[in-house]
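Here is the naming used below: chain letters follow the sequence lines, and residue numbers restart at 1 for every chain.
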Protein chains: 2
Amino acid sequence: MKTHLEREIFEQPDVLKRLIQHEDDHIAHLVGAIRRLEPQFVVIVARGTSDNAARYAQYALGSLAGLAVGLATPSLTTLYDTTPRLDGALVIGISQSGQSLEPTRVLEQAHTHGARLTLSITNDAESPLAQVADHHISLHAAREKSLAATKTYAAQLMAIALLAGHLAGIEQWKPALARVPEWVAQTLALNHATRAAAARYTFMTHCITLARGYNYCTGFEIALKLKELTYVAAEAYSSADFHHGPKAIVEPGFPLIVVAPQGKALQSMIESIDMLQASGPDMAIISNVPEVAARARLALPIPDTIPEWLSPLAAVVPGQLLALGLSEARGIDVDTPRGLHKITLTE
Amino acid sequence: MKTHLEREIFEQPDVLKRLIQHEDDHIAHLVGAIRRLEPQFVVIVARGTSDNAARYAQYALGSLAGLAVGLATPSLTTLYDTTPRLDGALVIGISQSGQSLEPTRVLEQAHTHGARLTLSITNDAESPLAQVADHHISLHAAREKSLAATKTYAAQLMAIALLAGHLAGIEQWKPALARVPEWVAQTLALNHATRAAAARYTFMTHCITLARGYNYCTGFEIALKLKELTYVAAEAYSSADFHHGPKAIVEPGFPLIVVAPQGKALQSMIESIDMLQASGPDMAIISNVPEVAARARLALPIPDTIPEWLSPLAAVVPGQLLALGLSEARGIDVDTPRGLHKITLTE
């Protein structure tokens, strides 16, 4: 019998197709409204997996739409009751369930603090977060039954990619955006052996994921899936930050998962791989560049035609399969991992 | 013979005193310039320890000065050559050495992208970062010889606290700011046993630090010191984020270092401690609240009179002593930990 997690990982291409069908026109329309209000910067409120989608938005909206994106510190609102001024801001709340209290509180108060526009991205159009926002993007992912989010993360990235694509002038990107579901399906096929290969990590207690630029989010999301589903103390690092101290922990055999697809961050990732290789780590590398993948103990392929800015949608998939496979190797029931609840009502 | 690290940890009260003496008036003057230009939001560029000082600024400037503070994604400038618009922004670069390429590149380009004002915070007024900024705050920490930053981190927090205090109207906060060097000295005295107590962690491979609000930075900085100096895979989490999944990794005996001083984040930290205690972790707790400290296997005290917004200056100290003591217990040469260079020129 398949687990919810497994089913939902493999549902991702269909979810993305559905999202594009239902939301492409709506997002085009929404982008008209955003352009009219000319927001000067973006603040995103999110926790957990949704926070990783927010990290993607920092690059996608930053690079394609020229918008500086900051991740909110929601405690300023919920604990200290001192929401900073948001004059000129577009405030976005991202939450799978839309039940999370923090983004709802921040979006509710955003206009009184000067925000120009609020937008929510959730899988439930009836949720409190969807209700308080000026605009809402639905994820169309159907109910996510697994406690660990996979298909809703993919859908959140897709919603942000559509938003960035439309803001940048969609015509140039339309064909690439339409191909994302196919690239994700190809990634699932290319990684048919990854789930079984995960058994090599059965006795791993901790590891580091490294990524940079657009795939910074991918490193964080893979680390989060490993923690949630396999109880490995996996920590994500920007390869740039990692060299500011943390790399001291790398010793022979230290497990690293490196995200290094084709693109502008690749050269920097190759330099990191070269520098770290001297310490003899055990590297898994997610890449579509054969020479880079060749340096890995475990190579995790993604399609070679995907542009860098859309690659996070594919690059996370081998990580999801690794977490699934490792949970199986360790005999963990992935649909009820200890300590997880589908909706987390932190305030 | 004392190590540089040890000497610099104990130098911190003097460094802070010197910084206040030399920079208080200058920062008051600088705040006048900032007020005249009315920045709408703040973007901070920093890596490593300086990034943790930037995390402090998110709360101090956010809560006291009402300024939304985003941490920059410098790769947008250095890798993608697509610096987002910075209309209305105050852009701050923080770097101990001022030699880091990223903040220098971002500050150099900030005005062409619309920034109202640029400010650098470094320990070297002659450094490239100090030279490119409109304004500069010097840390007056004397040369930091240890590879792991301690006294310059304290000085960065102090510079930010002075900036936030002046922006909020300094009169109210002047007496508290002036007492910070004394509170840090008291913390060193209160933790006279912490360095030796660190030996209990000799065989720890990984751990999690938990904090929230003002001390979010403290959790990150302690985790970074543990990684740099003891090679423990220490990861920092906001207690709010931790409950969105990662807490699944906590099992009996799992080492947690919790930062929970008096203040508005305390109730939330107590709830976290209560929830996690069911899983039987091994908790060290940094607190000035006796009932909270009583729940710890290892209680790490800080002075009870320090206000929450200044408590990060004290709360990091037990963590520095823990990292120092653990490096000694493990026989690591703290002045030349593997893999560290004083200046990291990531681009």
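By the 30° and 60° cut-offs, the orientation of the rings of B:F41 relative to A:F41 is parallel.
Contacts between A:E308 and chain B at a heavy-atom distance below 4.5 Å involve the side chain alone, from C-beta outward. Contacts of A:S238 with chain B are made by side-chain atoms alone, with heavy-atom separations under 4.5 Å and no backbone atom involved. For A:A278, no part lies under 4.5 angstrom from a heavy atom of chain B. Residue B:T230: no heavy atom, backbone or side chain, is found under 4.5 Å from chain A.
In terms of non-hydrogen atom pairs under 4.5 Å with chain B, the most contact-rich of A:R85, A:Q267, A:H113 is A:R85. By number of non-hydrogen pairs under 4.5 angstrom with chain B, the leading residue of A:G70, A:A236, A:G213 is A:G213. Among the candidates B:A89, B:A233, B:S50, B:S63, the residue making the largest number of heavy-atom pairs closer than 4.5 Å to chain A is B:S63. Contact count against chain B (heavy-atom pairs under 4.5 Å) is highest for A:T82 among A:L71, A:T82, A:L61, A:V232.
Between the side chain of A:Y80 and the backbone N or O of B:L64, no donor-acceptor pair lies under 3.5 Å.
Residue A:Q277 qualifies as enclosed at atom CD: its count of foreign heavy atoms under 6.0 Å is above 12.
Atom CD1 of residue A:I249 and atom CG of residue B:L229 lie 12.5 Å apart, to the nearest 0.5 angstrom. For the atom pair CG of B:L79 and NZ of A:K264, the computed distance is 9.5 Å after rounding to the nearest 0.5 Å.
No side-chain heavy atom of A:L67 sits less than 4.5 Å from a side-chain heavy atom of B:P84. A 4.5 Å side-chain heavy-atom check between B:H206 and A:E235 finds every atom pair outside the cut-off.
Shortest non-hydrogen contact noted between A:Y237 and B:L224 is OH-CD1, 4.4 Å. Nearest approach of B:R212 to A:S75, heavy atoms of both residues: NE-OG, 3.3 Å. When all heavy atoms are compared, the tightest approach of A:L76 to B:G62 is CD1-CA, 3.9 Å.
Residues passing the side chain to side chain donor-acceptor pair (under 3.5 Å) test with B:T209, sequence neighbours excluded: none.
Side chains of A:R55 and B:T73: no donor on one and acceptor on the other come within 3.5 Å.
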Table please: side-chain donor-acceptor pairs of residues 215-223 of chain A below 3.5 Å, with sequence neighbours left out.
from, atom 1, to, atom 2, distance (Å)
A:N215, OD1, A:T218, OG1, 2.6
A:N215, ND2, A:S311, OG, 2.9
A:E221, OE1, A:N52, ND2, 2.8
A:E221, OE2, A:K225, NZ, 3.0

